[in-house]
**Q** 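Right, I'll just put the structure down here and ask away after.
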Amino acid sequence: MLVCWLVSKDKKHGRIKLPHAETVLIGRGPETEIVDKKCSRHQVQLKADYNKRYVKVKQVGTNPTSVDSVDIGKGQEMTFKPGSILYMVNNLYPYVVEFFEGAGGSKGDEVKTCIKRPPEDSVNNDKESPKKFGRMESDRSISNLNTSRSEKTSSEKLPHVPEVKNPGHWSQGLKVSMQDPAMQVFKDDKVVVIKDKYPKARHHWLVLPWESISSLKALRTEHLNLLQHMHTVGEKVIKDYTNSSSNKFRLGYHVIPSMSHIHLHVISQDFDSPCLKNKKHWNSFTTDYFLQSEDVMEMVKQNGRVTVKDGATELLKSPLQCHVCKEQQSTIPKLKEHLKKHWKS
DNA sequence: GTTCTAGAAC
DNA sequence: GTTCTAGAAC
């Protein structure tokens, strides 16, 4: 009989049993002896899969839980396998997971007080295997790019290349793409620019720092130079790769991005793209969900960090309003038809 | 993040 | 009947 244990790496307390396909909530409390207020009482939701020999970890609390230095993100899941380290919150309180054969009997120093929920789908877990991220577009051309660079200055000299420990998870896709030379439109020692894989306008790039910054919340005063550089590179890409006089652009960040690793959107304001399909897409670029790059820099300058207001998610449900003339449209197809009016010939 | 699809809206 | 959205699954 197989048993799965969650083990505190710093041996703060006894191991916690994770039964197959049962949801277990862990966080601040007597069973973990974590008293840190940054850790929610229900910080993570764990569900072991004895067939796959891994544990699904969902971050329930607000502050970051990470697996091998990759932030999971609130409400999101990652796989946690033997050999990986789960940090309960803020890179603190390390845990490992262990699967043991035939250790059914001995209760040992097991901690019993964890909260359990009935399994949601106790069978049916066998079919899916970790997916590779996305699809690669084979026809991506970089022939007109990187003209100023000599051929082989690439990755070996870069100061930070973010390690992707869970490349299978979709939220890690940017960290994979940014390291793929075929995706890189521009790079220097601090940042790399890639095309958005699902552009929401005729021109849509992402500027990513090599330095691993998980999100806007991690920004501090010491990042100001980098933020400014990201902005400057964004403007350079507009200048180099578009007829910039005829295209309006905005540079900014999503308040709550879906993808890990901070990224500056550089997007033309035509919003002419088949990938723009729903209200969330629209509102994420045309409401205050989109924080202009300059505003982010100003906030960091003033307050030393970016404060994210609660309820930003609600902005994604706002009525569809044209970003140019403010006229409201009832559906996405009607909005897309309306937008044509504002395109230049 | 995208895809898929049930069922709401028309 | 078709179009469109929104939520689950990935």
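Below, chains carry the letters A, B, ... as their sequence lines are ordered, and counting in each starts from 1.
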**Q** Specify the separation, in whole Å, of atom CG of Leu320(A) and atom P of dA6(C).
**A**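 From Leu320(A) CG to dA6(C) P: 9 Å.
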**Q** Answer yes when Lys334(A) and Glu337(A) have at least one side-chain N-carboxylate O distance shorter than 4.0 Å, and no when they do not.
**A**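 The answer is no: the pair does not qualify as a salt bridge.
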**Q** To the nearest angstrom, how far is Ile332(A) atom CD1 from dT2(B) atom P?
**A**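 Those two atoms, CD1 and P, are 13 Å apart.
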**Q** Can you tell me if Asn303(A) has over 12 outside heavy atoms packed within less than 6.0 Å of its CG?
**A** yes
**Q** Check the distance between dT2(B)'s C1' and Lys279(A)'s NZ and give it to me in whole angstrom.
**A** 19 Å
**Q** Can you see if the side chain of Lys277(A) gets near the phosphate of dT3(B) - specifically, an N or O under 4.0 Å from OP1 or OP2?
**A**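 So the side-chain polar atoms of Lys277(A) do come within 4.0 Å of the phosphate oxygens OP1 or OP2 of dT3(B), strictly under.
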**Q** In this structure, how many angstroms lie between the P atom of dT3(C) and the CG atom of Asn278(A), rounded?
**A** 19 Å
**Q** What is the distance, to the nearest angstrom, from the NZ atom on Lys56(A) to the C1' atom on dA9(C)?
**A** 11 Å
**Q** Within the structure shown, what part of the strands sits under 4.0 Å from Lys317(A) by heavy-atom distance: base, sugar-phosphate, or nothing?
**A** nothing
**Q** Has His169(A) got a side-chain N or O lying under 4.0 Å from the OP1 or OP2 atom of dC10(C)?
**A** no
**Q** Round to the nearest Å and state the distance from Trp170(A) atom CH2 to dA8(C) atom P.
**A** 14 Å
**Q** Measure CD1/Ile194(A) against P/dG1(B) and give the value in whole Å, please.
**A**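 Rounded to the whole Å, the gap is 12 Å.
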**Q** Please determine whether a side-chain nitrogen or oxygen atom of His281(A) lies at a distance below 4.0 Å from atom OP1 or OP2 of dG1(B).
**A**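 His281(A) to dG1(B) OP1/OP2: no side-chain N or O under 4.0 Å.
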**Q** As an exercise, state the distance from CD1 of Ile332(A) to NZ of Lys279(A), rounded to the nearest 0.5 Å.
**A**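 Between Ile332(A) CD1 and Lys279(A) NZ, I get 8.0 Å after rounding to 0.5 Å.
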**Q** With respect to the side chain of Tyr198(A), which nucleotide from dT5(C), dC10(C), dT2(B) is positioned closest?
**A** dT2(B)
**Q** Between Phe285(A) and His204(A), what is the ring plane arrangement, given parallel below 30°, perpendicular above 60°, and tilted in between?
**A**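 Rings of Phe285(A) and His204(A): perpendicular, over 60°.
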**Q** I need the NZ-P distance between Lys58(A) and dA9(C), as an integer number of Å.
**A** 11 Å
